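Contents: one structure, followed by commentary.
Within every chain, numbering begins at 1; the chains are lettered A, B, ... in the order of the sequence lines, protein sequences first and strands thereafter. Note that the structure is a prediction, hence the values are computed from the model and not measured.
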2 protein chains.
Amino acid sequence: MPPALNYRFQLIFIVVELVDERRPVRIISDRQLSEMVSDLRHAIERRKMVLLIGLCKVDYRGRASSTLDYGERLVILKTDGSIQIHRPWDVNPVNWQPPDCIFHVDLVDNSFLRIRAIRKSPREIVDIIFKEVYFSSVLDLVDKGVFSLYASEHDMQRAIMINPELVEDGLRIISYEKPVEPGFIDLYGIDSKGRFVVLELKRRVADRDAIVQLSRYVEEIKRRSPYREVRGILVAPDISRNALTLLKTLHLEFKRLDPKKCAEVLRRKVSEVKLTDFFRGKQ
Amino acid sequence: MPPALNYRFQLIFIVVELVDERRPVRIISDRQLSEMVSDLRHAIERRKMVLLIGLCKVDYRGRASSTLDYGERLVILKTDGSIQIHRPWDVNPVNWQPPDCIFHVDLVDNSFLRIRAIRKSPREIVDIIFKEVYFSSVLDLVDKGVFSLYASEHDMQRAIMINPELVEDGLRIISYEKPVEPGFIDLYGIDSKGRFVVLELKRRVADRDAIVQLSRYVEEIKRRSPYREVRGILVAPDISRNALTLLKTLHLEFKRLDPKKCAEVLRRKVSEVKLTDFFRGKQ
DNA sequence: CTATGCATGTCGATA
DNA sequence: TATCGACGTGCATAG
């Protein structure tokens with residue numbers, strides 16, 4: 001009797017992980033329009049960024065309405081559901097739709113590619129009809145870079161709170177964004193002689209509107225404190241001629257201050273804080 | 001003696017015109033950085049539109065200043081000398097420079113591509129440093145399409161000039177953009193009872209500022225014509241609650257009018273004019 | 001939603 | 001160039 005054959009099967013699974021290099025730019029031009037439609041729908045569903053370059057016309061209906069005849073343009077769909085149509089010139093898009101749009105991609109008359117971006121509120125529609133698409137691609141961009149802006153009005157506010165002498169010696173700031181009837185006072189303080197001071201900040205040349213704004217706040221504070229003297233100071237890098245006239249008429253004051261100088265002050269302040277940290281904590 | 005040889009040379013020039021198909025999109029990625037530099041310079045000199053997609057950081061110094069750390073973005077250079085840097089989200093570019101910039105393309109540290117956009121006035125600089133360029137292309141777009149926008153404030157003005165009864169029966173418009181002390185009166189007319197009428201137009205919900213503006217104009221006209229009654233009418237699709245209160249306090253009036261209805265009136269007007277042309281001229 | 005004010009606002013017209 | 005006002009302003013924030 002032949003010995004029983006013992007077969008043992010050992011199953012070995014080999015797991016292969018396909019590590020492909022990430023392709024941030026995938027070109028999908030040179031395809032049949034119908035293929036392109038499904039590619040675009042696929043990309044949009046996955047909230048990819050999409051570029052389209054081609055011959056198109058654009059219609060917009062919403063708060064206003066507009067038409068744009070056929071021409072060659074760049075269309076950008078972004079991950080946040082915004083869209084923009086760029087002509088070869090102008091920094092601003094000729095048509096656009098803000099974030100959170102719903103995109104529809106369709107083939108119309110079997111030979112035109114239509115991108116429709118619908119915004120819910122206010123109800124607005126942008127229709128792009130491509131007669132020809134020269135190029136299109138799906139982008140998979142990773143952007144975690146921090147964006148920092150300096151010399152904003154907010155920087156001016158913080159700088160003056162830290163260094164009130166940027167405006168005037170002896171000034172003490174007692175509140176910021178102080179709510180009053182018509183809005184909020186940028187900065188509010190008391191001067192060396194005990195007078196209330198209303199500060200209105202502008203990061204660029206102050207115009208008449210800035211003066212009107214300041215005046216409203218000063219009047220409100222005067223109404224609240226009939227027995228205190230109240231000063232109104234417009235703080236800006238410059239003031240227009242008309243605004244200066246109005247300012248003088250209303251017995252308000254102007255203090256020239258460059259927002260960049262404020263950014264400088266803040267930068268120095270940050271360094272000081274870091275140095276203090278270093279000597280106190282790290283040593 | 002052998003006969004003299006007479007050689008005659010006739011030069012025939014054959015002119016060959018190389019008619020190549022226009023290529024609106026030329027991709028210049030996958031090149032050595034140094035090659036790319038010269039390609040980009042070449043394109044920029046010829047005022048071509050350029051797209052760049054890659055890993056970059058951005059610095060801006062000018063009216064304000066900003067920094068943006070490394071991340072993957074789309075950069076667009078346009079034919080008018082404007083530039084914009086787009087993140088994968090936001091309809092607005094994170095950094096930009098308006099038209100008429102001067103562009104510089106350089107290789108820095110032998111391995112980074114730098115695009116520098118310089119604006120003359122105000123003096124501003126945007127620096128883009130590419131660590132990596134995934135894709136770049138030169139676009140040669142032709143865009144002669146006419147852009148038309150309807151339902152703007154200007155449309156409202158024209159519609160009311162043609163059809164004053166959009167505001168009120170018996171109103172006659174006597175001037176537009178009438179210059180007065182603080183600015184320009186949108187529309188100025190006389191009502192059925194011979195009173196002066198100052199019209200302030202807004203294409204969207206009117207706020208307090210609109211009322212302040214109207215009030216200033218009305219006061220100026222009253223000053224000029226102390227013996228005439230003067231009305232001030234705010235014409236807008238809607239008015240904010242605060243603005244309505246202020247309006248009543250100042251004894252001004254509000255006339256609801258939709259800019260789209262104005263666009264409609266104009267469209268009808270244009271059709272009529274065309275019909276008139278047809279019957280008078282073309283027949 | 002409405003109201004308010006900033007923005008590297010942009011853009012165009014005008015003095 | 002400086003000023004002024006409109007804009008599909010956009011955008012954030014507060015109530």
Just N and O in the side chain of [X]: are any of them under 4.0 Å from OP1 or OP2 of [N]?
X      : N     : answer
A:Y217 : C:dT4 : no
B:N242 : C:dT2 : no
B:R208 : C:dT4 : yes

Requested in this report: Test A:D100 against A:R119 for salt bridge (charged side-chain N to carboxylate O under 4.0 Å, His left out), laying out the working first.
Outcome: CA-CA 7 Å; A:D100 302 317; A:R119 185 187 184 186; over 6 Å; no
Query raised in the report: Minimum heavy-atom separation for A:Y176 to A:Q157, with atom names?
Result: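 Reported closest heavy-atom pair: CB-NE2, 4.0 Å.
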Query - Least distance between heavy atoms, A:Q84 atom then A:K78 atom - result: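 Distance-wise, the nearest heavy atoms are NE2-CE, 3.6 Å.
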May I have the distance from [X] (atom [atom1]) to [N] (atom [atom2]), rounded to whole angstrom?
X      : N      : atom1 : atom2 : answer
A:R87  : C:dT10 : CZ    : C1'   : 17 Å
B:D209 : C:dT4  : CG    : P     : 9 Å
B:D127 : C:dT8  : CG    : P     : 19 Å
B:L246 : C:dT2  : CG    : P     : 19 Å
B:R216 : D:dC4  : CZ    : P     : 10 Å
A:E177 : C:dA3  : CD    : P     : 20 Å
A:I211 : D:dC4  : CD1   : C1'   : 14 Å
A:E220 : C:dT4  : CD    : P     : 14 Å

Requested in this report: Working to the nearest 0.5 Å, report the span between CG of B:L51 and CG of A:L51.
Outcome: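 Reported value, rounded in 0.5 Å steps: 6.5 Å.
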Requested in this report: Let me know, please, whether B:I239 or A:Y150 comes out on the 5' side of the other along DNA chain C by nearest nucleotide.
Outcome: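 In this pair, the answer is B:I239.
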[N] to [M] separation - [atom1] atoms, rounded to the nearest Å:
N     : M     : atom1 : answer
C:dT8 : C:dT4 : P     : 23 Å
D:dC4 : D:dG8 : P     : 22 Å
D:dG5 : C:dA7 : C1'   : 16 Å

Report task. Going 5' to 3' through nucleotides 6-15 of chain D, assign each nucleotide B (protein heavy atom under 4.0 Å from a base atom), S (under 4.0 Å only from sugar-phosphate atoms) or - (no protein heavy atom that close). Result -> SSBBSS----
Query raised in the report: Does the pair B:R267/B:E264 count as a salt bridge with the N-to-O cut at 4.0 Å?
Result: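 A salt bridge links B:R267 with B:E264.
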Query raised in the report: Under a 4.0 Å N-O cut-off, is there an ion pair linking A:D127 with A:R116?
Result: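 Here A:D127 pairs with A:R116 in a salt bridge, since their nearest N and O are under 4.0 Å apart.
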Requested in this report: Verify salt bridge (charged side-chain N to carboxylate O under 4.0 Å, His left out) between A:E220 and A:R216, making sure each step is shown before the conclusion.
Outcome: CA-CA 6 Å; A:E220 173 61 17; A:R216 278 206 298 254; over 6 Å; no
